[in-house]
Amino acid sequence: MPAGTLYRGREGMWSWVAHRVTGVLIFFFLFAHVLDTALVRVSPQAYNSTIATYKTWPVNLMEYGLTAAILFHALNGLRVIAVDFWAKGPKYQRQMLWTVVTVWVVLMAGAFYPILQETLRNWFG
Amino acid sequence: MAIETTGSISGVELTNDRPTDPSAFLIEPPRTRTKRTGRKSRTNFEMLAWLFMRLSGVVLVFLVLGHLIIQLILDGGVTKISFAFVAGRWASPFWQGWDLLMLWLAMLHGANGMRTVINDYAERDTTRFWLKVLLVTATVFTVLLGTLVIFTFDPNIS
């Protein structure tokens with residue numbers, strides 16, 4: 001390890017990086033999402049026309065990406081809790097990360113059609 | 001970057017003919033109090049913030065994943081969402097409470113995470129201060145706006 005750095009690489013560091021990046025992304029989306037929902041206090045038309053952008057295919061793809069970010073942050077967050085509170089957590093942190101990744105891949109595969117159903121129907125009939 | 005020094009760090013001998021202070025390469029343990037550290041805090045704020053992240057995180061897993069399933073997956077996914085759909089859900093105090101709790105927990109959880117990110121990457125004291133002012137302002141505004149919207153929602157607005 002080079003002197004003067006705390007970065008140790010491997011699963012521990014990269015899961016930390018991914019947790020941080022997804023967290024920041026989710027926070028910025030949340031900010032925008034509260035603002036768009038607040039349009040229900042303006043008028044049904046204002047709300048509906050803004051929500052219409054959520055139904056276009058580029059934003060639909062971003063919703064799948066947002067789900068991917070949230071799901072990773074949620075599953076890895078549970079792993080962080082296990083590392084902190086379970087006596088054997090630190091010992092199994094690597095195995096838990098690969099469990100997180102596996103569950104994430106399975107759930108994201110399962111969410112592919114349900115979330116993108118409208119876009120997929122438009123593209124492929 | 002080549003590091004040239006003499007001395008011993010954690011038992012590793014570093015030999016070179018030019019002497020350098022080995023402490024230049026030491027990383028202080030996180031809790032070390034130095035001259036630049038403020039006076040000892042009387043509250044356990046950082047511990048409580050750490051605990052809040054874990055407790056709110058567990059609750060948010062259920063609230064947010066449930067929210068995603070309802071909004072993005074069930075009944076045709078995102079295409080069903082409209083003013084009428086929102087009005088139907090907020091007619092029930094259960095879903096009002098769900099959304100209110102989710103709003104508060106997610107915003108505070110996210111704001112505390114952003115505070116950590118700011119502390120990590122903004123090195124100048126004034127930069128950190130103003131980024132945190134911006135963060136607190138945006139957070140208070142968003143939480144209050146969202147709360148107001150949930151409590152004052154009018155399905156008959158025109």
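Per chain, numbering begins at 1; letters A, B, ... match sequence-line order. No experiment lies behind these values; they were computed from the predicted model shown.
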Would you check if [X] and [Y] make a side-chain contact, meaning some heavy-atom pair closer than 4.5 Å?
{"X": "A:Arg20", "Y": "B:Thr116", "answer": "yes"}
{"X": "A:Gln117", "Y": "B:Ile73", "answer": "no"}
{"X": "A:Tyr54", "Y": "B:Gln71", "answer": "no"}

Taking side chain as everything from C-beta outward and backbone as N, CA, C, O, which of these in B:Thr139 sits under 4.5 Å from a heavy atom of chain A? Side chain, backbone, both or neither.
side chain
Okay, B:Leu72 and chain A: the region with an atom under 4.5 Å from a heavy atom over there is both
Measure distances from A:Tyr47 to the heavy atoms of chain B and classify the residue's part below 4.5 Å as side chain, backbone, both or neither.
side chain
Heavy-atom distance under 4.5 Å to chain B: side chain of A:Ile115, backbone, both or neither?
both
If you take all heavy atoms of B:Ala111 and A:Phe27, which pair is closest and at what distance?
N-CE1, 3.5 Å
Smallest heavy-atom separation, A:Asn60 atom then B:Val78 atom, equals ND2-CG1, 4.3 Å
Tell me, out of A:Asn48, A:Val40, A:Ile51, A:Ile81, who's got the most heavy-atom pairs with chain B below 4.5 Å.
A:Val40
Top contributor to chain B contacts, counting heavy-atom pairs under 4.5 Å, from A:Asp84, A:Thr37, A:Val34
A:Asp84
Assign the ring pair A:Phe85 / B:Trp50 to parallel, tilted or perpendicular, where the plane angle (0 to 90°) is split at 30° and 60°.
tilted
Does A:Lys55 use its side chain to pair, donor to acceptor, with the backbone of B:Lys80 at less than 3.5 Å?
no
A:Val42 and B:Ile157: side-chain contact (heavy atoms from CB on, under 4.5 Å), yes or no, with the steps?
CA-CA 8 Å; A:Val42 177; B:Ile157 196 172; over 6 Å; no
Does a salt bridge link B:Asp154 with A:Arg41, judged by any charged N lying under 4.0 Å from a carboxylate O?
no
